[in-house]
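Presented below is the structure to which this report refers.
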Amino acid sequence: MNLFNEIRALVLDCLQAMMEAGELPAGLDMAAVAVEPPRDVAHGDMATNAAMVLARPSGRKPREIAEALAGRLGDDARILSAEVAGPGFLNLRLAPSLWQGVVAAALAAGRDFGRSDLGAGRRVNVEFVSANPTGPMHVGHVRGAVVGDALACLLAFAGWQVTREYYINDGGAQVDVLARSAYERYREAHGLSPEIAEGLYPGDYLIEVGEALKVEFGDRFLNRPEEEWLAAFRDFATERMMAMIRDDLAALGVQMDVYASEKALYGTGKIEAALKRLREQGLIYEGVLEPPKGKTPEDWEPREQTLFRSTSHGDDVDRPVKKSDGGWTYFAPDIAYHWDKIERGFDDLIDVFGADHGGYVKRMKAAVAALSAGRVPLEIKLVQLVKLYKDGVPFKMSKRAGTFVTLRDVVEMVGADVTRFVMLTRKNDAPLDFDFDKVLEQSRDNPVWYVQYAHARIASVLRKAEAAGMAVDDATLARADLARLDHPAELALIRRLADWPRQVEIAARAQEPHRIAAYLGELASELHTHWNRGNDEPGLRFLQDDAGVSAAKLALARATGVVISAGLAILGVVPAEEMR
RNA sequence: GCACCCAUAGCUCAGCUGGAUAGAGCGCUGCCCUCCGAAGGCAGAGGUCGCAGGUUCGAAUCCUGCUGGGUGCGCCA
């Protein structure tokens, strides 16, 4: 139930009637007609820009259209008043019962309140994290994991059919390095001293992999040439790393639907097939790239390579798909992987990348545009860095000094819920500060705490009511006489609740889950303000002597709790029943 | 050199894909509270939305050009 959509539909009906009556030319495009909350509550409950938007295409003055529209809207029982204001805004006042109905709707729908069919069942693939399987996830991966997962939740809530997917980069040189690093730990497990050469992965997490390799292979590969063990060690170690990464993700509450392997694309003809498709469009050719201007690499020499004509789809230069030694570049399997996603029938593709991969956005979009003949839009969300702080002081990370922060560390220090919420307090393309102390602070300026506190307060008052012998289940509360919720302060809170379904659609359309966190902060603020007013005005407290009045007020409290739960569920955060 | 992202109150940031007098928290100033409806409350001051143009009824929002910051730029992923 989205009250704004309901009123917009009413506005469109009236406009339709005006077209039929000849007051407006037929066939006007209504797409830009919006019904929104007014900036200033004094203006009314809702405002529409219909008259201003339609003035030009209909060749009439905005105020004239507004007057006529106001007359028709006023005939509807739901509209108390419709007033023309400013350049042609139409300010609407709604019957209070409409607002009160929002409370009942929230109680009836529970955590599904605000669900939308905006996505109309379109299938969307959200690829995120995709960290190299060479070690545990570190704090840099956390934000991408949270943003991707929350975005997936948000889209699912808004009517998309969502697949969460992780692309395992297990086909490149870095997994050979992993195998060699594991080999040294394997030697170590046999009592030899490991030689962790420059460029190998020095992390302690490989020690147990070495032990496991010893159990698996005994001493068979000791002092044997690399060709004999490399492939086996690589497979073994990457499998171990992926198990670790799955555990890390689970600790954050992230559950992938699909793990896609880069390695699985090799030797199966998939890369060739994807490139063939591009070749058929004349987008693959042999050529020599110009060196980048202004920053020519030291060892630059022109070489002929197999190139993808990405410039024909908006890229700045064409991109190599084959290395000079004839092997594929990383881009080639990436193309094949996205071709695979297209073939699996997704309507929308989303990739969540670290901001340092920003340079690949255009070429990836070019590849998908070419492969899908423009049918499948690819959206790439770049996630900026997280700056760590401890007590307001920047927290330097160093593998060497042992101050390297893993995802595990973060979750163990502050918990998955806090981690997730804080990672969503900024839009994905802005840098984020994460202070280990501040995120646990119990104060107004900690949004996580503030939202949880609001939910806990509601839970507390409901417990209190129940202890006093009241029935506080949703079905009973929904039957309360909600017309008694007529105080301006209560209506202000209800207005905020009514905005929830709208915020879901706005966030989903923009693919920006952080908006949900921001909305929850505002809703929590509204709840706390209302609660505090109860100190001075006892008549506003949720618990009253009159059982009927209490029931109505508790219904409002519970409806607020429902919306907070629904919002937190999208962020993957468990609402708090009490603060301790 | 080129591309992408960012620039909004003293600080940290929101800002509905173009709407009305640009918002919140912190900090600052003033008032109130010490009642377990608790881990404070209320109010106020504070802005040339980086700069300059453009598009239009209307721009923080869209376009162009600058300035400043971040990221990246063939055979690493």
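By convention in this document, chain letters (A, B, ...) are assigned in the order of the sequence lines, proteins followed by strands, and residues within each chain are numbered from 1.
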Per [X] side chain, nearest of listed nucleotides [options]:
X: A:Tyr453; options: B:A39, B:G15, B:C16; answer: B:A39
X: A:His514; options: B:C75, B:A14, B:G19; answer: B:A14
X: A:Gln442; options: B:A39, B:C26, B:A14; answer: B:A39
X: A:Asp356; options: B:C6, B:G72, B:C75; answer: B:G72
X: A:Ile506; options: B:A38, B:A14, B:C16; answer: B:C16
X: A:Asp433; options: B:U12, B:G74, B:C57; answer: B:U12
X: A:Arg457; options: B:C16, B:U71, B:A38; answer: B:A38
X: A:Met579; options: B:A39, B:A14, B:G19; answer: B:A39
X: A:Arg56; options: B:C26, B:C75, B:U56; answer: B:U56
X: A:Leu382; options: B:G37, B:G19, B:C4; answer: B:C4

Interatomic distance at [atom1], [N] relative to [M], whole Å:
N: B:C16; M: B:A22; atom1: P; value: 15 Å
N: B:G47; M: B:U56; atom1: C1'; value: 25 Å
N: B:G69; M: B:U8; atom1: P; value: 14 Å
N: B:G23; M: B:C63; atom1: P; value: 25 Å
N: B:G44; M: B:A3; atom1: C1'; value: 47 Å
N: B:U48; M: B:G58; atom1: P; value: 23 Å
N: B:C11; M: B:G27; atom1: P; value: 16 Å
N: B:C28; M: B:C6; atom1: P; value: 33 Å

Sugar-phosphate, base or nothing in reach of A:Arg515, heavy atoms under 4.0 Å: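 It contacts sugar-phosphate atoms only.
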Pairwise 5' ranking along RNA chain B for A:Ala355 and A:Thr48, keeping only the more 5' one: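 Nearest-nucleotide comparison on RNA chain B picks A:Thr48.
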Closest-nucleotide ordering on RNA chain B, the 5'-leading residue of A:His357 and A:Met52: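 Here A:Met52 is the residue nearer the 5' end.
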Salt-bridge criterion met for A:Lys381 and A:Asp351 (N-O under 4.0 Å):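 A:Asp351 and A:Lys381: not salt-bridged.
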Enclosure of A:Asp325 CG (heavy-atom neighbours >12, cutoff 6.0 Å):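 It does: A:Asp325 CG has more than 12 such atoms within range.
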Close aromatic pair by centroid cut-off 6.0 Å: A:Phe89 and A:His43: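 Ring centroids of A:Phe89 and A:His43 are no less than 6.0 Å from each other.
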Side chains of A:Leu497 and A:Leu556 in contact at under 4.5 Å (non-hydrogen atoms):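 Answer yes - side chains close enough.
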Presence of donor-acceptor pair under 3.5 Å, side chain of A:Arg426 and base of B:C13: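 Under the 3.5 Å cut-off, the side chain and the base do not form any donor-acceptor pair.
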Distance under 6.0 Å and angle within 45° of ring axis: A:Arg502 vs A:Phe4: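 Checked: cation-pi criterion met.
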Stacked cation flag A:Lys323 on A:Trp328, 6.0 angstrom / 45 deg: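 Here A:Lys323 fails the 6.0 Å and 45° test against A:Trp328.
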Contact under 4.0 Å: A:Lys362 side-chain N or O vs B:C4 OP1/OP2: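 It does, given that an N or O in the side chain of A:Lys362 lies less than 4.0 Å from OP1 or OP2 of B:C4.
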